[in-house]
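Only heavy atoms go into these numbers, but all of them, side chains included; no hydrogens, no water, no symmetry mates. Below, chains carry the letters A, B, ... as their sequence lines are ordered, and counting in each starts from 1.
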There are 2 protein chains.
Amino acid sequence: MEATELLKKHNLRKTATRTEVLKEYLSAGKALSHAELESKLGEHFDRVTLYRTLNSFEEKGLLHKVYDETGTVRFSLCSDHCDVSSHEDDHVHFHCTKCGNSYCLDLPIPEMNLPKDLMINDVYMVANGICKTCQRA
Amino acid sequence: MEATELLKKHNLRKTATRTEVLKEYLSAGKALSHAELESKLGEHFDRVTLYRTLNSFEEKGLLHKVYDETGTVRFSLCSDHCDVSSHEDDHVHFHCTKCGNSYCLDLPIPEMNLPKDLMINDVYMVANGICKTCQRA
DNA sequence: CATATAATGAAACTTTGTTGCATTTACTTT
DNA sequence: AAAGTAAATGCAACAAAGTTTCATTATATG
């Protein structure tokens, strides 16, 4: 789906920043952090606006958080059926400890028997290792 | 095991900061972040020393990282058999999205078929939800 | 096209984490 | 037990990451 269409679908006003940011995610094929976005988009966009853009994208179900042991929070495109009321980003993530990149894997999170006294909303899972590219290098 | 004993076992010099920090972890029963430690220990210990303490504890296999969607990195006590050469912290974690606390669960990480072209070192898993205490409140 | 509402940009600030260096402390060896 | 060495500490300065406030500008809707 295209940027403009995606924004409308999620009830977000179309602005220059949002369109550009969304395009980055649509073409990236991996999770992007605030810092990465900032360096990709150069000086054209305000730091603070970028933070706010990411937050509203997450809130509205366009992006979901991808995090790892470094404490860096990245974001990645959600699947079509995510929206404000339900994020269903129930797939495994991969984090390369060499290049630091993170990707969504097309792999569902396995079932488990979690303690009954905990109210579970969602489960997050990352496999840490070395990606294809870094294995060659 | 006691603080002094644990330090010796992991080839760490016994210092006031390390002993105190270890005691906190031994009694906490949950993961603690740098900020939490700082407020628990008051002004007695240097911020930087605390960072360095946590890092060396992790490196030596005394603590392992516990992280969540907020980007806060916490640490939690490792089991007995962890050391410099092998961390085997292969259990599921729980993160309460209300109070922000994180705990280790006594639950192994389920097996999966990960893509063969990725070199996997370890898998991290967090269940997000509301803890027992916060459910009552 | 006027208007209400939302998004932006800029400045200031807070929090979090790191680096370099001089001083102090812990452990080893004698 | 004293000396020597290697490691840990404390401090200052810095760097990075994230937040808040508020005035200005832009978007979408009637």
Discussion item. Among residues at least two apart in sequence or on other chains, which ones pass ring-ring contact (aromatic ring centres under 6.0 Å, His included) with A:H10?
Written reply: none
Item to complete: Look only at the side chain of A:E88 and the backbone of A:S79, and say whether a donor-acceptor pair between them is shorter than 3.5 Å.
Response: no
Fill in: Heavy-atom side-chain contact between B:L54 and B:E58 under 4.5 Å
no
Response to the item:
So, with a heavy-atom separation below 4.0 Å from DNA chain C, the residues of residues 9-21 of chain A are A:R13, A:T15, A:T17, A:R18
Fill in: Nucleic acid contacts of residues 69-77 of chain A, taken as heavy-atom distances under 4.0 Å to DNA chain C
none
Fill in: Ring-ring centroid check A:Y67 A:Y124, cutoff 6.0 Å
yes
Worksheet item: Quick one: B:R52 CZ to C:dG20 C1', roughly how many Å, whole number?
Response: 10 Å
Worksheet item: Given atom CG of B:L37 and atom P of C:dT16, what is their separation to the nearest angstrom?
Response: 13 Å
Item to complete: Return the value, rounded to whole Å, for the distance between atom CZ of B:R47 and atom P of C:dT14.
Response: 14 Å
Item to complete: Would you mind reporting whether B:V92 and B:V126 have side-chain heavy atoms less than 4.5 Å apart?
Response: no
Worksheet item: On DNA chain D, which is the earliest and which the latest nucleotide, 5' to 3', with an atom closer than 4.0 Å to a heavy atom of chain B?
Response: D:dA6 to D:dA12
Worksheet item: B:A35 or A:S56: which one's nearest nucleotide on DNA chain C is closer to the 5' end?
Response: A:S56
Worksheet, complete the sentence: Separation of C:dT18 atom C1' from B:L54 atom CG, nearest Å, is 14 Å
Worksheet item: For A:N121 and B:N128, does a side-chain donor sit closer than 3.5 Å to a side-chain acceptor?
Response: no
Worksheet item: Between C:dG9 atom C1' and A:H44 atom NE2, what is the distance in whole Å?
Response: 16 Å
Worksheet item: Is the closest side-chain heavy-atom distance between A:M112 and B:M125 below 4.5 Å?
Response: yes
Practice prompt. Quickly work out the A:L7 CG to C:dA6 P distance and round it to whole Å.
Written response: 16 Å
Practice prompt. Mind calculating the distance between NE2 (B:H34) and C1' (C:dT18) to the nearest angstrom?
Written response: 11 Å
Worksheet item: Do A:R47 and A:E38 have side-chain heavy atoms sitting under 4.5 Å apart?
Response: yes
Item to complete: Report the residues that fulfil ring-ring contact (aromatic ring centres under 6.0 Å, His included) with B:H64, sequence neighbours left out, ordered by chain and then residue number.
Response: B:H91, B:H93
Discussion item. Is any side-chain heavy atom of A:T15 closer than 4.5 Å to one of A:T49?
Written reply: no
Worksheet item: What integer distance in Å separates B:E38:CD from C:dT14:P?
Response: 16 Å
Fill in: ring-ring contact (aromatic ring centres under 6.0 Å, His included) partners of A:H34, counting only residues at least two apart
A:Y51
